[in-house]
Amino acid sequence: MDRRPPSAAVLVLHGGHENGTEPPPWGPLNLPGVRMRPFVRALRRATRARVRQDGTQDGTEVLVRQVRYAHRGWNGSRADALRDAVAALDALGEEAGDDVPVILLGHSMGARAALLAAGHPLVRGVVGLAPWCPPGDPVTQLAGRDVVLVHSNRDRMTSPQATQSLTARARRAGARTCMITVRGGDHAMIRRAPAWHRLTTTLVTGLLGTGSLPEPVTAALGLPPTAQPAEGTLDLDRLRAERGPAGLLPSS
């Protein structure tokens, strides 16, 4: 079969703990990793190249890789998850070429690692789910990147207000940013799970250019640096309603 080299890649970073130097457990005992498996499966289905009857490939392949951390926690200034993210990006460059565009998809601690690793030359954009956004984290590395952060209004583990603040700070630093609020969701993304999965797939494929972003998301990404935080904050259910019955998300 005539397979083309990958045209892009998605690097998935799961959540973790604020502190913990032991390695994550393997397999189903690593609950933060298990939590991201449906996202990985959905992305692989959405980006898989089809093979024609003559054996040639219809479209180009998108690599989807999930990072395995060396340590369970962030561990203060060690920022272990960030180190692992950068190492995985370097490995992707060796595997797929030093110009392959990468979208980082992270949850919670993994979203924090994705945001801080976004200055890597391969990174084109970040999709952060229930991100951990401490107010002192830098944002200059996000300049020139597309950043879409998704947060439940009922999250009790990480702060949706901090997420909204980061999108505004990053926009002022030269990033193209947007925040989407999931009403009635939770930090673990179990409530309204189909909506989280489908929205994430739509966002990642839209940023890759293999799909289309909802128009309000595109408009939010195009806001000027002086825009107020609320201007770049969208409501998931309104997005779904605007797309109609065959739109962005199921009702669950």
Within this structure, what is the OG1-CZ distance for the pair Thr202 and Arg198, rounded to the nearest 0.5 Å?
6.5 Å

Determine the minimum heavy-atom distance between Val86 and Ala117, stating which atoms define it.
CG2-CB, 4.2 Å

Look up atom CG in Leu149 and atom CD in Gln164, then write down how far apart they are to the nearest 0.5 Å.
11.0 Å

Of all the heavy-atom pairs spanning Phe39 and Trp196, show the shortest one and how long it is.
CE2-O, 3.6 Å

side-chain contact (heavy atoms from CB on, under 4.5 Å) between Leu115 and Asp137, intermediate numbers included:
CA-CA 9 Å; Leu115 289 164; Asp137 276 1; over 6 Å; no

Grab the two heavy atoms, one from Ala85 and one from Leu13, that are nearest each other, plus how far apart they are.
CB-CD2, 3.4 Å

Under 4.5 Å between side-chain heavy atoms, hopping through other hydrophobics if needed: is there a path connecting Val217 to Val127?
yes

Any chance CZ of Arg124 has more than 12 other-residue heavy atoms, nucleotides or ligands included, within less than 6.0 Å?
yes

In terms of side-chain heavy atoms, does His120 have a donor or acceptor partner in Asp90 at a distance below 3.5 Å?
yes

Asn75 (side chain) donor-acceptor with Gly20 (main chain) under 3.5 angstrom:
yes

Hydrophobic cluster identity match, Met36 and Val148, side-chain contacts under 4.5 Å
yes

Rounding to 0.5 Å, atoms CG (Asp146) and CD1 (Ile103) come to a distance of 7.0 Å

Minimal heavy-atom distance between Ala170 and Val139, with the atoms involved, is CA-CB, 4.0 Å

Is it possible for you to say whether Leu43 and Leu207 belong to one hydrophobic cluster, with membership spreading through side-chain heavy-atom contacts below 4.5 Å?
yes

For Arg78, does its backbone N or O pair with a side-chain atom of Arg83 as donor and acceptor, under 3.5 Å?
yes

Looking at Glu18, I'd like to know if its CD atom is crowded, meaning that more than 12 non-hydrogen atoms belonging to other residues, nucleotides or ligands lie closer than 6.0 Å.
no

Minimum heavy-atom distance Met109-Tyr69, with the two atoms named:
CE-CE1, 3.7 Å

Would a 4.5 Å heavy-atom cut-off, applied to side chains only, mark Met179 and Pro229 as touching?
no

Hey, could you give me the CZ/CD1 distance between Arg238 and Ile180, rounded to the nearest 0.5 Å?
13.5 Å

If you round to the nearest 0.5 Å, how far is OG1 of Thr218 from CZ of Arg176?
11.5 Å

Validation row: Arg183, Asp235 side chains within 4.5 angstrom (heavy atoms):
yes

How close do Ala70 and Asp84 get, counting heavy atoms only, and between which atoms?
N-OD2, 2.9 Å

To the nearest 0.5 Å, how far apart are OG1 in Thr167 and CG in Leu223?
10.0 Å

In the single-linkage hydrophobic clustering (I, L, V, M, F, W, Y; side-chain heavy atoms under 4.5 Å), do Leu236 and Met189 co-cluster?
yes

Step by step, would you call Leu116 with Gln141 a side-chain contact (heavy atoms from CB on, under 4.5 Å)?
CA-CA 7 Å; Leu116 293 176; Gln141 76 282 357; 3.7 Å; yes

Can you confirm whether Arg35 sits close enough to His14 that some side-chain heavy atom of one is under 4.5 Å from a side-chain heavy atom of the other?
no

Leu122-Leu11 co-clustered via ILVMFWY side chain contacts under 4.5 Å:
yes

When you look at CZ of Arg154, are more than 12 heavy atoms from neighbouring residues, nucleotides or ligands closer to it than 6.0 Å?
no

Between His107 and His187, how do the two ring planes meet: parallel, tilted or perpendicular, split at 30° and 60°?
tilted

For the side chain of Arg192 and the backbone of Val182, is there at least one donor-acceptor N/O pair under 3.5 Å apart?
no

